[in-house]
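Just below is one structure, and these are the notes that go with it.
Proteins come first, then strands; the chains are lettered A, B, ... in the order of their sequence lines, and each starts at number 1.
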Amino acid sequence: MVVAPVYTRFAPSPTGHLHVGGARTALFCWALARRARGDGGDGRFIIRIEDTDQARSSDESARGILEDLAWLGIVWDEGPVWVGRLSEPTIPGTDVGSESRPTQIGGDPRGVGPFFQARRVPLYNKYVERLIASGRAYPAFETPREIEALRKEATGRKQTYRYDRSGVPMEERLRRMRAGEPHAVRFVAPEGGVTVRDLVLGDVRYAPGEMDDFVIRKADGFPTYHFAVVVDDETMGVTHVLRAQEHLNNTPRHVALQAALGFRTPEYAHVPLIFNQDGTKMSKRDKAKAARKSFREALGKPGALGTADFARDLGLTPDNLAAFLTGDNDSLEVAGAIARHLGLALPEIEVCDFRAAGYLPEAIVNFLALLGWNPGMKTPDGRDLEKFDAAFVAEHFSLERIGTGNAKFDRAKLLAFNSERIGAMTDAEFVARWRAWAADFEPDLAAKLTDRQLSLIAPAARPRCKTLRDLAAVLRFAVTPDDGFEYDPKAVDKVLRRGEPSGLVMLQAARDLVACTDPFEPASLNQAVERLAAEKGVGMGQVAQPLRVALTGQAVSPPLGETLAVLGRESALARIDRCVRAVSAPSTGAA
RNA sequence: GGCCCCGUCGUCUAGCCUGGUCUAGGACACGUCCCUUUCAAGGACGUAACACGGGUUCGAAUCCCGUCGGGGUCACCA
């Protein structure tokens, strides 16, 4: 069977981090190309950086986006060269926990680059000039401000603004251009209608006269998005354009441009959008919104500091903070500072947010694949097949199975996927992957924990962790100084002061056991505690809880045996003694 | 507002193309119970949807039309 070549591309603009929606689009593009290759055809996945907006683009963003894609295991066959370490299991043939090796992704085997549009300007100019020469495009001299005024006027009359080229005769336009007058270049919109063939949506018809003479080259000499995509998709041999549905209404422009330039029209497939649970668009602004909301609540609390004091604590100027609070800016730095100060987690929007929050790339890939696509298969026991890896997506992906409706991003389900992946790991894998994560996101904590401590706690902690970050929270008690943590007053009251005999008495009894149990390991410690409870004729909880609070300050911790073992005998005794003292001396206050 | 897309449990979806096997299946979330040294995890069970109205047909979640609802887009941003 002859399989037609499938060349796809993901073309982010480097104006920020990689959004989860973009990651999904990239995943689909990747999968479509891989699928073709798996079917014995020629499939390539290309990355192109659309940096024609000089003001907003940055190399740093471009690097970050590539990094995030690589982390997800979405590797590109052609595009900017990225060198880094791939150690995640979504990359076939890579072992988790093994020493990751430097890997190079990208390159230009066909010589169709460069893959940064800013470096392709001469190419665009060639085609712009061709269009002008054939009368399909023309210079325009209005400034953006002037156009904006006209547009405002039109919308004021409840009409859609359309550029009117009849204002200036063509000959005059060309003369002024040759005279060196600054200008943009506009495309002569076709008279007829345009039909877009979409592999997801079907045929979409646009009536004649819907399109106006849009700009194809800005006054700064850079092409607009519409022009650059069309030229690049042609010259890079892209056969299938997968992109978010918000681009659907751009497609007739691209089709018209292709016709005018004598280019092929690639296959199009517009994938549905991803929204927040509340139906709003998922945006990095959500982080600012969340920070603002929490901040206002914190300000409203009795005894709260004033805004000016907060600003000082946050290391911001009051003006800066005020502007943020009124919504005049959505500064991520301010939002982050507020979040750190208030100890709250901002919503994850971008791939790097999920990474920092301790999500696994394979869980994200799995979840994202299911947002708008579904393999339509059943497991042997008749359930819908929805747990799979990237390789599976690459093998089974098809455009026909992309849904048409927009989807809401269900964080709870992602979390469940992540949690299940953690549950399916071996303890060794869990430790190795936590170490890899913590090196980047919890370096201090990681440095203080020994491998022995980690391997002691991992089996008990794993079912309690939905993310890698959760393990950090579980482990924190183990690295605080014995006299350096506070007691949860509610826990102290409930567990140590009440009861008959009181928790404090039980704690004192348990001290002996901690002092002499040998070996000092989870199983033996557990047995010792059980024996004590039996001797005293009380439930396990009456012994375990006082100990737990004494050791961690909290009513919640890993199972007691592990909690003791991780601390070690000396530390455990010190904590018990400190707790006994603190609770016996009421004036000290437990908190 | 113009144009365009969409509409199955709270959410993601299977089923729709090729009407009957759908008293609509699964997953997440939620609830109840079991287990239990805390918190989890685990096990069992359960609540919950074809937006509405017209057609077509012996028969419609599935085909057609309309209404309503949601979304996108209308930049010298991409």
Side-chain angles (χ1 to χ4, degrees), chain A residues 11-13 15 50-53 55-57 140 142-144 147-148 151 155 158-162 183-186 196 198 200-202 204-207 210 212 214-220 222-226 228-229 244-252 270 272-273 275 277 279 281 367 370-379 381-387 400 403-417 419 423 460-466 470 474 491 495 526 529-530 533 539-545 547-549 552 554-561 563:
Chain A
S13 69
T15 53
E50 309 220 329
D51 56 351
T52 52
D53 184 341
R56 296 199 301 148
S57 298
E142 297 82 359
T143 63
I147 296 288
E148 186 51 40
R151 196 189 327 274
T155 42
K158 287 192 166 177
Q159 287 181 340
T160 304
Y161 172 73
R162 292 226 160 71
H183 62 277
V185 177
R186 285 179 182 268
V196 173
D198 188 280
V200 171
L201 267 12
V204 182
R205 270 172 273 275
Y206 293 87
E210 286 293 321
D212 89 334
F214 57 94
V215 171
I216 58 175
R217 186 172 70 192
K218 302 177 243 180
D220 66 6
F222 279 79
T224 59
Y225 162 73
H226 303 298
V229 248
Q245 225 174 79
E246 62 194 354
H247 286 296
L248 180 61
N249 291 328
N250 292 148
T251 312
H270 288 92
L273 269 17
F275 294 98
Q277 280 293 289
K281 215 170 170 178
F367 178 75
L370 243 14
L371 235 44
W373 179 77
N374 190 289
M377 297 180 193
K378 301 283 183 191
T379 59
D381 61 343
R383 297 166 192 248
D384 288 2
L385 179 66
E386 53 176 25
K387 296 293 164 62
E400 297 83 63
T404 49
N406 293 333
K408 286 176 183 165
F409 193 90
D410 186 356
R411 291 167 186 283
K413 186 155 181 168
L414 203 214
L415 194 59
F417 272 39
S419 160
R462 208 153 51 80
R464 275 147 246 261
C465 292
K466 291 177 189 292
D470 285 348
V474 167
V495 168
N526 233 352
V529 175
E530 269 169 10
M540 183 74 170
Q542 296 216 49
V543 183
Q545 284 306 85
L547 261 175
R548 202 182 302 281
V549 173
T552 70
Q554 305 290 319
V556 175
S557 87
L560 205 54
T563 302

Once you apply a heavy-atom cut-off of 4.0 Å, does [X] come out as touching a base, just sugar-phosphate, or nothing?
X	result
A:Asn526	base
A:Gly372	sugar-phosphate
A:Ala407	sugar-phosphate
A:Glu386	base
A:Phe214	nothing
A:Asp212	nothing
A:Arg205	sugar-phosphate
A:Pro272	nothing
A:Gln277	sugar-phosphate
A:Tyr206	sugar-phosphate
A:Ala219	base
A:Ala555	base
A:His270	nothing

Could you please name the option among [options] that lies closest to any side-chain atom of [X]?
X	options	result
A:Arg464	B:G25, B:A40, B:C5	B:A40
A:Pro463	B:A29, B:C6, B:A40	B:A40
A:Phe275	B:A78, B:G71, B:A14	B:G71
A:Ser13	B:C12, B:C39, B:A78	B:A78
A:Glu246	B:U73, B:G26, B:A41	B:U73

If you measure from the [atom1] atom in [N] to the same atom in [M], how many Å do you get, rounded?
N	M	atom1	result
B:C63	B:C68	P	22 Å
B:G1	B:U67	P	14 Å
B:C17	B:C64	P	10 Å
B:U21	B:C39	P	47 Å
B:G43	B:C35	C1'	8 Å
B:U36	B:G25	P	34 Å
B:G46	B:C52	C1'	30 Å

With both distances under 3.5 angstrom, what nucleotide forms a Watson-Crick or G-U wobble pair with [N]?
N	value
B:U57	none
B:A24	none
B:G7	B:C68
B:C16	none
B:C45	B:G31
B:G2	B:U73

Does a side-chain N or O from [X] land closer than 4.0 Å to OP1 or OP2 of [N], or not?
X	N	result
A:Lys281	B:U73	yes
A:Thr160	B:G1	no
A:Lys218	B:C77	yes
A:Arg151	B:A75	yes
A:Thr52	B:A78	yes

query: Counting distance only, does the side-chain N/O of A:Lys281 pair as donor-acceptor with the main-chain N or O of A:Leu273 below 3.5 Å?
result: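 Not at all, since once roles are kept as given, no pair shorter than 3.5 Å links the two residues.
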
- prompt: Do A:Met540 and A:Val529 come within less than 4.5 Å of each other through their side chains, counting heavy atoms only?
  reply: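 Side-chain contact under 4.5 Å: yes.
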
Side chain to side chain, A:Lys387 and A:Thr379, heavy atoms closer than 4.5 Å: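 SC-SC contact between A:Lys387 and A:Thr379 ruled out.
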
Rounded off to whole Å, could you give me the [atom1]-to-[atom2] distance for the [X] and [N] pair?
X	N	atom1	atom2	result
A:Phe409	B:A29	CZ	C1'	15 Å
A:Leu201	B:C4	CG	P	13 Å
A:Asn249	B:A75	CG	P	12 Å
A:Lys413	B:C9	NZ	P	14 Å
A:Phe367	B:A29	CZ	C1'	12 Å
A:Lys387	B:C12	NZ	P	17 Å

task: Could you grab the distance from atom CD of A:Glu210 to atom CZ of A:Arg162, nearest 0.5 Å is fine?
output: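 A:Glu210 CD to A:Arg162 CZ: 5.5 Å, rounded to 0.5 Å.
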
task: Please determine, by modelled atom types, if A:Thr563 and A:Ser557 share a side-chain donor-acceptor pair under 3.5 angstrom.
output: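 Looking only at side-chain atoms, A:Ser557 and A:Thr563 do form a donor-acceptor pair, the distance falling under 3.5 Å.
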
- request: Tell me, with the steps shown, if A:Asp53 and A:Tyr225 meet side-chain hydrogen bond (donor to acceptor under 3.5 Å, both in side chains).
  value: CA-CA 9 Å; A:Asp53 184 341; A:Tyr225 162 73; over 6 Å; no

